[in-house]
Amino acid sequence: MRALLATLAVAGAIVTGCVAARAQVMAQVMAQAMADERYSVAMMSASDVIRALRCAPPFGCKRQRSKPQRANTPFSFADGLAARAAPHLGRNPTGWTRAWCGRFLRMIVPSDPGPSFDAARNWARYGREAGGPAPGTIGVMAHHVGIVLGRCDDGSVLMRSGNHNRTVGDGCYPPHRFIAFRSLPQGGET
């Protein structure tokens, strides 16, 4: 909570004008984050706070980056791959600058399957066939891989992955782009 308050202070110093409207928007953002059982206020990034402040009246946002529209799909961050990836949200823990989604997934699976899995497509042979985009499964596309969190409002697949806008992040992906959905292996096999 202290980190959030410090972020708010920095964001307030950076963004000027219309303080009352910005404070109201920030209160709404914090209330929404606190109401969402899947996320805590501590998980809000500095960019989320600054974006909320910039979008406050009278300025508004002319062009906002699309944020994932989360559906009310029941799942828990208390266990599984999504929870292991959560501490890395908003940053790049691999140190790589290109094509690091597979490398990041290698870091968070219980048993590292080896360097050949740095390539996203190779995750299509990891573990067992999942049968579809269930929360907690690994979603594999030709050039991207991540952990399925659920469905977005538009029916696309909500996935947490490395190298999503150059950081670990959540995004919505069209179902037709996926080549496989895989479950963690039983007994350590890959």
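The first residue of the sequence shown is numbered 1, and numbering continues consecutively from there. Just the heavy atoms: all of them, side chains too, but no hydrogens, waters or symmetry mates, feed the values below.
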Output side-chain donor-acceptor pairs under 3.5 Å for residues 137-148, partner residues at least two apart or in another chain, one line each.
unit_1 : atom_1 : unit_2 : atom_2 : d
Thr137 : OG1    : Ala134 : O      : 2.7
His144 : NE2    : Ser161 : OG     : 2.8
His144 : NE2    : Tyr173 : OH     : 3.3

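When all heavy atoms of Ser183 and Ala130 are compared, the closest pair comes out as OG-CB, 3.4 Å. Residues Asp154 and Ser156 come closest through the heavy atom pair OD1-OG, 2.5 Å. Closest approach of Ala85 and Ile108 over heavy atoms only: CB-CD1, 3.8 Å.
Rounded to the nearest 0.5 angstrom, Leu105 CG and Asn122 CG are separated by 12.0 Å.
A donor-acceptor pair under 3.5 Å is absent between the side-chain atoms of Arg160 and the main chain of Gly169, judged by distance alone.
Among residues two or more places apart in sequence or in another chain, the salt bridge (charged side-chain N to carboxylate O under 4.0 Å, His left out) test is passed with Arg106 by Asp112, Asp118. When the side-chain contact (heavy atoms from CB on, under 4.5 Å) test is applied to Thr167, no partner is found at least two apart in sequence or on another chain.
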Inset, instruction - Starting from the C-alpha separation in whole Å, work towards a yes-or-no answer on side chain to side chain contact (heavy atoms under 4.5 Å, CB included) for Arg151 and Val157. - result: CA-CA 5 Å; Arg151 292 280 189 166; Val157 177; 4.1 Å; yes
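Under the ring-ring contact (aromatic ring centres under 6.0 Å, His included) criterion, the residue pairs touching residues 84-104 are His88-Phe104, with sequence neighbours excluded. The list of salt bridge (charged side-chain N to carboxylate O under 4.0 Å, His left out) pairs with a residue in residues 89-100, not counting sequence neighbours, is empty.
Counted by atom type alone, Arg166 and Asn163 present zero donor-acceptor pairs between their side chains at under 3.5 Å.
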